[in-house]
Amino acid sequence: MPGLGARLGRGGATTPLQDLANSDCVVIMGANMAENHPVGFRFVVQARERGATVIHVDPRFTRTSALSDVHVPLRAGSDMVFLGALINYVLQNRLYFEEYVKRYTNAPVIVGGEFRDTEDLAGLFSGYNPDERRYDPHSWRFAGQESSPALSDDPNQDAQAYNQRVGRTDHPLRTDPSLEDPRCVFQVVKRHFARYTPEMVERLCGVPTALFLSVAEAITKNSGADRTTSFAYAVAWTQHTTGTQMISCCAILQLLLGNIGRPGGGIMALRGHATIQGSTDIPTLYNLLPGYLPMPSTAERHATLASYLDAVRAPTGWWHNAPKYAVSLLKAYYGESAQEANDFAYDLLPKIGGDYSFQPMLLMMKDRALTGLFCMGQNPAVGGQNARLAREALAKLDWLVVRDIVETESATFWRDSPEVRDGSVRPEEIGTEIFVLPAALTPEKDGSYTNTQRLVQWHDKAVEPPGDARSEAWFVVDLARRLKDLYGEETTPAARQLAALSWYYPTDARGEPDLDAVVAEINGYAVADGTLVPGYDALRADGSTACGCWIYSGIMPEPGRNLARQRAGDARAALDWGFAWPANRRVLYNRASARPDGTPWSERKRWVWWDAGEGRWTGHDVPDFPVTKPPDYRPRDGAEGMDAHSGDAPFVMLADGKGQLYAAVGLRDGPLPTHYEPWETPVANRLYPDQERSPTAKLLERPDNPYHRPRDPRFPHVLTTYRLTEHHTAGAMSRFVPWLAELQPEGFAEIDPVLAARLQVSSRDPIVISTLRGEIETNALVTSRLQPLQVDGRPLHQVGLPWHYGFGGIATGAIANDLAALIEDPNSFIHEGKSFTCAVRAGRLDGRGDATQEGEGSP
Amino acid sequence: MSGPESGTTGGDWGEGRDRRGRGGSGGAASDDAVIGPGYYGIPAIHKPHWKWLIIFYFYFGGIAGAAYAVATIADAVGASEDRRIGRIGRYLSFAALLPSPILLVLDLGRPERFFLMFRVLKLRSPMSLGTWGLTAFGGFSALSVAAQAAVDGRLGDGFVGRRAQQLPIQALGVAGTPLALFVAGYTGVLLAATAVPLWTKRALLLGPLFLASAFSSAVSAIELIVALMPSTPAATRHRLTRLGVSTLFAEAAIFIAWRNGLGPTGRPLGEGATGRVVRLGVVGGGIALPLVLQAVASVTTGGFARILSVVSSVSVLAGGLALRYVVVVAGNTSADDPRATLGMTAADGAPERLSTH
Amino acid sequence: MTLSTSDRSPLTGTTGARAGALGFLTDVSLCIGCKACEVACKQWNQLPADSGTGITGLTGFSYDNTVDLGATTWRHVAFVEQAATTVDRTWEAPGAPGSPTAWLMLSDVCKHCVHAGCLEACPTGAIVRTEFDTVVIQQDVCNGCGYCVPACPFGVPQLGDTDRKAHKCTLCYDRLVDGLEPACAKACPTESIRFGPIAELLPRALDRVEQLQERGVAGAHLYGDRAIGGTGGMEGLNALFVLTAPPEVFNLPAAPELPQRKVLPALVSTAIAAVAFILGSGAALRGRR
């Protein structure tokens, strides 16, 4: 999550789920936690039982709202207005945590003279290049800085790797501790958010001013030395063209309120599904190496190991250690083939030459630039944005391997997709050769989940998988072996890569690899004797250590002792339950739970503190700080790495160790969050009339992926997609299971009673929802849990559409993503699934029962 | 409930649990919950599965019990020429009893399931009591009919015939009559001891109602047989008619008391097809028409009177079946109506809106 | 119906449950409607989805698609949407419900009544009271007579479509004997379903009601003691509920009655009628000998 990464240093949730129980106020926004994270939600329930106020801000009244004290219905896609107004409220009323802000954030830092805010440039920041739809961030630098602000800015990659977001300071930062300099970050932020008023919230979000103020009051009253407020968000913040900035906006608010790094505070990044956190930690992404190391790129100075290490080594802060982790990773990958003499086989590591993220990949497939696909644990025929395009892309492949627990729609689209059923596509026209391989379920294999709070939890196999079903590890290990055999002695680059790959995992009689060997490799070991390292502090850049993922280092400190198996809980940090990266820390940046002098802010919120007698940091948690660095430590001039951080710099990953209220690097759409309307919107942007939509959103517009223009009268309603407790993502794990299928047996769309009355439909009546990408027929579910909002003086209807359903399995329904468009947030490359526009009519797709046609410009 | 049209009644929630039965009209699924108690019109209790097998069992069992009792009474107090009443009654009782176990076994599906009924005797379970009562009564009925057959020379002079001739018909009758009456009436108690509003609302009257109907049906059946037999003395016919008419009056009185006592819970008895069966079958055919016919017959003579009497008897018999039918069917309808169920079980002082619509 | 502390009857908070009785306390104010209890129950008890495949379509009843308790659904989560009846927004359609005020979710289950209608009705002795004071249908004894079905004032037991025997929650008898808690309680993420001795659950429930009322949830009340739910001779329920709306909202009867209370009076009235019919018949049939 670049939004958190740029402001706080790490992209993960700052706090464990259990810690929500310590909150005095929990704000759930951009998430439906009770429905999609029901087990974690128990801690919200606990907090509420202890007296906390729970606030749910969401377009729909959901099961989360039902358990909250306050539900704030707002227009999907207007979150930034709401958050910005909270920031403005905090600043205007001087409700920020002053000492925290002065000492732990970059509020006092002076911004360079070239910088121009959206206030000055009518909704744009300085440095905008309209032809490339990109910013040159040089003008965003802090005063006195000369070199390029970030370590990297490769437009082909999203901003998840740390080098995209870690700044480079070449001179000491100029500050004004009084926060009064008009160019200090604090004043810049204050000016930037001044136009985010409660009135604007009412106008753009549809939230009455009084309701907004009651939320603002609850949050500010429950923040400070003695109280903490936490925020929980999920994909309803990420899935916007401005999603990253929504999250980063929340980070600004929490920094101002002093809620980061403290018990009961923080930002709970709720992950979309099981171990999605793990899949970025040890990534399945094209542009990340394990532990958020950047994948070498042809667009950067990454040609040799030396230039790569030079480019990725941050002068100050934790990432100064990056070479240790990169070299240890190469040793883990290539073993004996990686020697100092051959730059640890760095030349074998693939270099990125283009944008191979998910959405462009679909287009490449459709354009036949990609002709083969392994599809594992994903169901793009249902889950892909613009899913019809996704199916058309699959149909253009030469071969497709679908490894899943059931025969998903991605394997059967050629014979029973909607377009095959309606006759517009004929199976014999599809040339894709499809291989369906059965996969083992979780209880049928050993493995781990890295959950939303960076917590690795191990699970053991309970039963053998049926028939030919095997684990992913079995498949990958076996596939690599076969490829190694297949390429044998060839001398092509690909063959050299395969030949050099260290591939030694022992397997059992069924061919299942011994995962202890994998975990040991992830943990890291001394190359000389194979001794496991105790943690990443022991890793070296000289090739003497190997480590598969430095942030997980310490997970197996001794052979066979996998800390992810730990199951001893306690009422505090539960350090003996599983293993949380990094170094088993639970609350990140927890140095901030103590005052600058190292004493707790309050008894009630004591967490980690400086033990002057012992000369070390101690507390309930593993300190997220050099453990012996005293609070009053001040760096000498020219200090490097962690030595360059003072004793009051809790955000250790960042260049200056301070929370970035103003992020000079790491965010491609500006150093400060700005409300831009969703790309498809029925509402005028009253905050920035001259720049209504994101100037940097990554557009993938083409005839098979058209967009609606703003306020397109043909598509008057806001459509938001969502998930249900009863189903899991694209449905492979739930729609095919009778016990789950019966709970939500058919697709539906939630509409408000007023729209229903206008369409003359009741629950279960068929309705057709359409966009320029397609139209689907589904059941209406009329509910007062959705209410029309008054936005900008006009009534606005929102349509809620669960996106689980497809044509396969037991519980079926029209594919919601057939309506969605391919379009991306510039930082995360995530699509805009939570807010786009649509039309709704009563009746069926084939025109039967078309009782009411909703006319253009109807009231 | 938002209004009369939104209340789902039995039909929508009949067998097969049609989930597509609408709970509310006019759109919002939440209407019902918003406006009043009840849950989308879904039944608050489960109705029994009982259908025709059980309706016929109730019917035949009633006739069997009442016919036996009438036979015993006729033997005890009747004139000598009325002996044929006792004789017909015993044959009729046995004949009506024979299908009962078959109907019950068919309802259970498999014969061995019926034997599980005999594991225990539970005094608070009318079904358990009824099974035992029916079985015991079956013994009496069989012995009585055997004795009667022996007397009539139908069992021959063999061992069985001679033994059967020695059976004390009258003593058997006196001893078996309490069981016979139990069999005739317990089915009403069985229904009354449930959570079904229409059955339990006036629980004290359902047993007597079934008993009365059993008597009227049994008497009519005997009358019918008598009427079809040649040379039945007029006095016998007259006394039978007198019994039949008084039974009908008694049945009518109990029915009216029961029906009126149900209040709104009795709504299914007045609505739709069931309502028509109540009006035409139970009240019209089962009570009113026979009374009129008997009145006419009483001032008529000869063959016409006899025809009237036959029609009257058939009408009563049909009415008796109709009564069992409407009680079972309307009961099921009331079980499917959450307003009826929840209205009946509302806390003290709860608004009466639950039980009315 | 309004319930408050002021008009509590002396039966409030009392039960006839046997010492050592085990049961449930299900708290509507903590339920998030995740239906984990429904699925855990079906999985542990190996119950099929309703109607075999489970798919008879969307009901439109909020998020409730399993409708009620039955032969193959032993835990059922009810979803009740409540909305303001008045709207102050003039541009809305007339008569449309206003903003949502609550979305109540309640996991319903067999009540394991202290005096159970189903058990008393059962003619075969298939339904027994266990050593845990729970009510269980022994499948090898049940003969499918179906009498327990209408004998339950809560609509719990139901005959199975395939085996034509009565089925209902066993309170996971097979887990209890092994010292495990029932599957539904185990699966509940928010402790909305608690399992334990009634002697502990009942005071906990009363405390909870008081706590909720102090928080301003005026409608909070206990369901399943002798005052409400466990009324009419049932002497309390071994499945207690904390409700925040009248029980009828969840299709629960407020003051149900044990059906078997009717048996003796009805037998007596029938006997009186029988005597009357004997005497009447005797009078009518009396002839000269």
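Reminder, nothing fancy here: chain letters follow the sequence lines and each chain counts from 1.
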- With a cut-off of 6.0 Å (strictly less than), are more than 12 heavy atoms of other residues, nucleotides or ligands near CZ of C:R175? yes
Search all heavy atoms of [X] against all heavy atoms of [Y] and return the closest pair with its distance.
X      : Y      : answer
C:P100 : A:Q787 : CD-CG, 3.8 Å
A:P38  : C:P189 : O-CB, 3.6 Å
A:P745 : C:G57  : CG-O, 3.4 Å
C:M105 : A:A66  : CE-CB, 3.7 Å

Kindly compute the distance separating [atom1] ([X]) from [atom2] ([Y]), expressed to the nearest 0.5 Å.
X      : Y      : atom1 : atom2 : result
C:I32  : A:R63  : CD1   : CZ    : 8.0 Å
A:L743 : C:Y63  : CG    : OH    : 13.0 Å
A:T783 : C:W103 : OG1   : CH2   : 7.0 Å
C:R215 : A:D69  : CZ    : CG    : 8.0 Å

- Most heavy-atom pairs under 4.5 angstrom with chain C, which of A:E750, A:R48, A:Q46, A:E49? A:E49
- Which atoms of A:L740 approach chain C - backbone, side chain, both or neither, heavy atom under 4.5 Å: side chain
- Criterion side-chain contact (heavy atoms from CB on, under 4.5 Å) on A:Q744 and C:K35, from CA distance to verdict: CA-CA 11 Å; A:Q744 291 286 9; C:K35 308 183 192 172; 4.1 Å; yes
- Task: Against chain A, label C:S29 side chain, backbone, both or neither, depending on which of its atoms sit under 4.5 Å from a heavy atom there.
- Result: backbone
- Below 4.5 Å from any heavy atom of chain A, which atoms of C:Q43 appear? Answer side chain, backbone, both or neither. both
- Check: C:L47 main-chain N/O paired with A:W739 side-chain donor or acceptor under 3.5 Å: yes
- Mark yes or no for whether C:N65, through its side chain, and A:E742, through its backbone, hold a donor-acceptor pair below 3.5 Å. no
